[in-house]
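Read the structure below first, then the notes.
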Amino acid sequence: MGKYDTAKLRNLGIVAHGGAGKTSLTEAMLFNTGMTDRLGKVDDGSSNMDFEPEEIKRQITIGSSLHHCQWQDHNLHIVDTPGYSNFLHDTRNALRILGGAVMIVSAISGVKAQTQKIWQWSQEFEVPLIAFVNKMDRERADFLRAVDDMEKSLGCRGVLVNMPIGQEDDFTGIIDLVSMTARTFQFDEKGTYVEGDIPVEYLDEAQRLRIILLEAVADADDDLMEKYLETEDLERDEILRGLREGTLTGVFTPVLCGSATANIGVRQLLDYVVYCLPSPLDKGVQIGTKPGSDEIVERQPSEDEPFSAMVFKTNIDPFTGKQTLFRVYSGALNSDSSVYNSTKDVSERIGQLYQLEGKKQVPIDQAVAGDIVAVAKMKETATGDTLCSADDPIKFESLLNLKPVISFALRASSKNDEDKIHTGLQRLVEEDPTLQVTRNDQTHELILSGMGQVHIEVAVEKLKRKYGVSVELETPKVPYRETIKGKTKLQSKYKKQSGGRGQYGDVWLEIEPLQPGGGYEFVDKIVGGVVPRQYIPAVNKGIEEALNKGSLGGFPVVDLKVTLYDGSHHSVDSSEMAFKIAGSMGLKKGMEQCNPVMLEPIMKMEIIVPDDYIGDVIGDMNSRRGKVLGVEPQAGSQAIIAQVPMAEVLRYAPELRSMTSDRGLFTMEFSHYEEVPSHLTVKILAELGD
């Protein structure tokens, strides 16, 4: 890559909910700019951006992919991002390092919950957006309805830059509201069009929308406002200046329309990417801290600054190894050099730098401020790490990993798979930090957690394809526990004589419940040496071992207090083992006398759904024994805060998607344990007996 003017660089993301046409639009951009010689298609697997087998199979984007192109003497780095809720974590990481983005709004389905989440992240990371209403040639397409849905759902102000000529089967072209000309397309997938006058039947509407456009751009700039009030019109360059100012400041969002698959409206969209979205210079200074302190450090987007970069993605291939993707914020980096990882406090060797073109890697000699590049085989560096100059280090705020919402137990298909499973899972987690692998010590299951069922299924497919490990997915066991509600006092004596030295241990125990979360407490109230001091720890150990398996269903026992207050011993036959057994026997017998009950884990959930579905979701939550703690309004949606038993939401992710037409999102985390209702305890114990 040769050096270029940083002011003419655009780091561009393509974002939206799944199925809106992000990859198709990216393919059309690459085709129109001459980077590809054919229009890649998602449906037939010929896409340059969706190249992983799992993506081709499902016809969806699973991970962010990169390409680049040139348009009007500008360089564009394009990141095609996932839109399905299972993979939005990758989109969030990409937004963290992008300059601007094109947000696709489907002319058919409008804005979904995933787009709302992406919009929130774009506001958080101050990423200016242009909206593109796609699929104008499809059945049920409605341009103004889609724009209205965008404004209501996202709480943004949409400013129309163009408007469609017809829609659905009647869609034939686009009216440019800046130049007030019409472009009629030939539908040859080459983007060929004829420019001419606006059809008479659309002229009044075009003039109305142009006035709204002029008022909006005048609002964004005081000088333009003054001229507009005087002349009631603005020149083309002035309109473009106002559009850029309004976009960069977030006053409004420019809206264009077209069809990505038919290659209509894409070239004009590219024009406005250049006109309206920011360069690295517009994004300005990056703020970090000095490693090991809270001292603020700044980096300007200049080659003259010390080198700094943020790692936003990691790819791992079993043959070529690890590939690290990062955005350079300042300075320059050459191939075959060294950098400092301020997050891990290690030095890393940089080999060959690459610019990515889908799955293709193009070697480059240098990366400069604003570039998005990749390097292979970095040893310690992971997603979210900061790379910088060792002489003048900086540490950027790391990426936030989203919390998993669904878990499955993994069972290796064979002994050979069992031997390789941990290595394969470790590589998957390194590539995708939102995957979590844990072992439940209570149920002895290996648990894989992720952002949704499809996320887990894709991980399992990658585990098989990349690392040759075959596993079966099973619903994880609920980690129930047991406790007591009553109290008792009892004697537990262990006495055994079998020739020679016998065994003798005698203890008196008081067993009583503790408050929830109290765990286990052992109290020694022995006086007078009735139980010798050296045997008291053995009594406690015996009780602790017995706590691992309760009297109801064999679940761990919690929240109780055991007091050792009396006992006796034998000068010859007593031993630590005898008192340990006596303590264990006493706990087991005492549990049966103390009204034992089962406890179940309760999860805290935040469920975000459009207003139309709130009644259905709350009703469903009540049917799952959930407690709705509150409802908080958001832009075009509601956030339901609830507590619900884990057993009721083990497979909630696909069920919520079905209930809300894929417009619902949720997060879930463990809250506390509560008593299982008695009728359900009977049912659970009966199932265990089977």
Candidate pair Ser64 and Thr81, rule side-chain hydrogen bond (donor to acceptor under 3.5 Å, both in side chains), full reasoning:
CA-CA 4 Å; Ser64 297; Thr81 66; 5.6 Å; no

Heavy-atom closest pair (Gly370 atom, Leu9 atom, distance to 0.1 Å) is O-CD2, 3.4 Å

Using the benzene-type ring in the case of Trp, are the ring centres of Phe396 and Tyr329 under 6.0 Å apart? yes

Say whether Trp71 and Asp271, considering side chains only, have a donor N or O and an acceptor N or O under 3.5 Å apart.
yes

Open item on the list: Tell me whether Asp392 is salt-bridged to Arg299, with the criterion being a basic N under 4.0 Å from an acidic carboxylate O.
Closed with: yes

What one should report as the nearest heavy-atom pair of Gln352 and Ile364 is NE2-O, 2.7 Å

**Prompt:** Which class fits the ring pair Tyr272 and Tyr275: parallel under 30°, tilted 30 to 60°, perpendicular over 60°?
**Reply:** perpendicular

*Could you tell me whether the side chain of Asp385 and the main chain of Ala382 form a donor-acceptor pair under 3.5 Å?*
yes

- Can you check whether Val373's main-chain N or O pairs, donor with acceptor, with Asp371's side chain at less than 3.5 Å? no

*Determine whether more than 12 heavy atoms belonging to other residues, nucleotides or ligands lie under 6.0 Å from atom CD of Gln123.*
yes

On a heavy-atom basis, the closest approach of Cys69 and Ile78 is SG-CD1, 3.8 Å

Is it the case that Asp282 and Ser279 place a side-chain donor and acceptor less than 3.5 Å from each other?
-> yes

Given 3.5 Å as the limit, does a donor-acceptor pair link the side chain of Glu55 with the main chain of Glu52, or not?
yes

Are Asp90 and Lys313 within salt-bridge range, i.e. N to O under 4.0 Å? yes

Query raised in the report: Side-chain donor-acceptor pair under 3.5 Å between Asp176 and Thr181, yes or no?
Result: no

Worksheet item: Taking atom types as modelled and ignoring hydrogens, do the side chains of Asn263 and Asn32 form a donor-acceptor contact shorter than 3.5 angstrom?
Response: yes

Practice task
Please examine the side chains of Met103 and Leu154, heavy atoms only from C-beta on, and report whether any two atoms are closer than 4.5 Å.
Solution key: yes

query: Does Lys152 come within less than 4.0 Å of Asp148, counting only side-chain N to carboxylate O?
result: yes

Check whether any side-chain N or O of Arg10 sits under 3.5 Å from a backbone N or O of Leu277 as a donor-acceptor pair, and report yes or no.
yes

After noting the C-alpha distance and the side-chain angles of Ser330 and Ser308, does the key distance pass the side-chain hydrogen bond (donor to acceptor under 3.5 Å, both in side chains) rule? CA-CA 5 Å; Ser330 64; Ser308 68; 2.6 Å; yes

Considering only NZ, NE, NH1 and NH2 on the basic side and carboxylate oxygens on the acidic side, decide whether Asp50 and Lys359 come within less than 4.0 Å. no

Sequence neighbours excluded, the answer for side-chain contact (heavy atoms from CB on, under 4.5 Å) partners of Ala146 is Val105, Val133

The reported gap from CG in Leu256 to CD in Gln268 (rounded to nearest 0.5 angstrom) is 5.5 Å

**Message:** Is it the case that atom CD in Gln186 sees more than 12 heavy atoms from other parts of the structure closer than 6.0 Å?
**Reply:** yes

Counting only N and O atoms by type, is there a donor-acceptor contact under 3.5 Å from the side chain of Glu238 to the main-chain atoms of Glu235? yes

Subject >> Greater than 12 external heavy atoms within 6.0 Å of Asp222's CG >> reply: no

Under 4.0 Å between a Lys/Arg side-chain N and an Asp/Glu carboxylate O for Glu168 and Arg138? no

Exercise. For Glu201, does the CD atom have more than 12 heavy-atom neighbours from other residues, nucleotides or ligands under 6.0 Å away?
Worked result: yes

Nearest heavy-atom approach of Ala28 to Val266 is CB-CG2, 3.8 Å

>> So that I can tick it off, tell me whether Lys41 and Glu189 are bridged by a salt bridge, with the cut-off set at under 4.0 angstrom between side-chain N and carboxylate O.
In response: yes

Q: Could you check whether the rings of Phe185 and Tyr193 sit parallel, tilted or perpendicular, using 30° and 60° as the cut-offs?
A: tilted

* Using distance alone, with no hydrogens and no angle criterion, decide if Asp432 and His89 have a side-chain donor and acceptor under 3.5 Å apart. => yes

Of all heavy-atom pairs linking Pro164 and Phe143, the shortest is CD-CD2, 3.3 Å

Exercise for the section: Tell me, yes or no, whether the heavy-atom count around Glu397 atom CD, taken from other residues, nucleotides or ligands under 6.0 Å, exceeds 12. Expected result: no

| message | Check Arg208 with Glu205, please: is the shortest side-chain N to carboxylate O separation under 4.0 Å? | response | yes

Sorted by chain and number, sequence neighbours left out, side-chain contact (heavy atoms from CB on, under 4.5 Å) with Glu606 holds for Ile608, Gln634, Ala639, Ile641, Thr667

Problem - Thr314 side chain to Glu431 side chain, donor-acceptor N/O pair below 3.5 angstrom - result: no

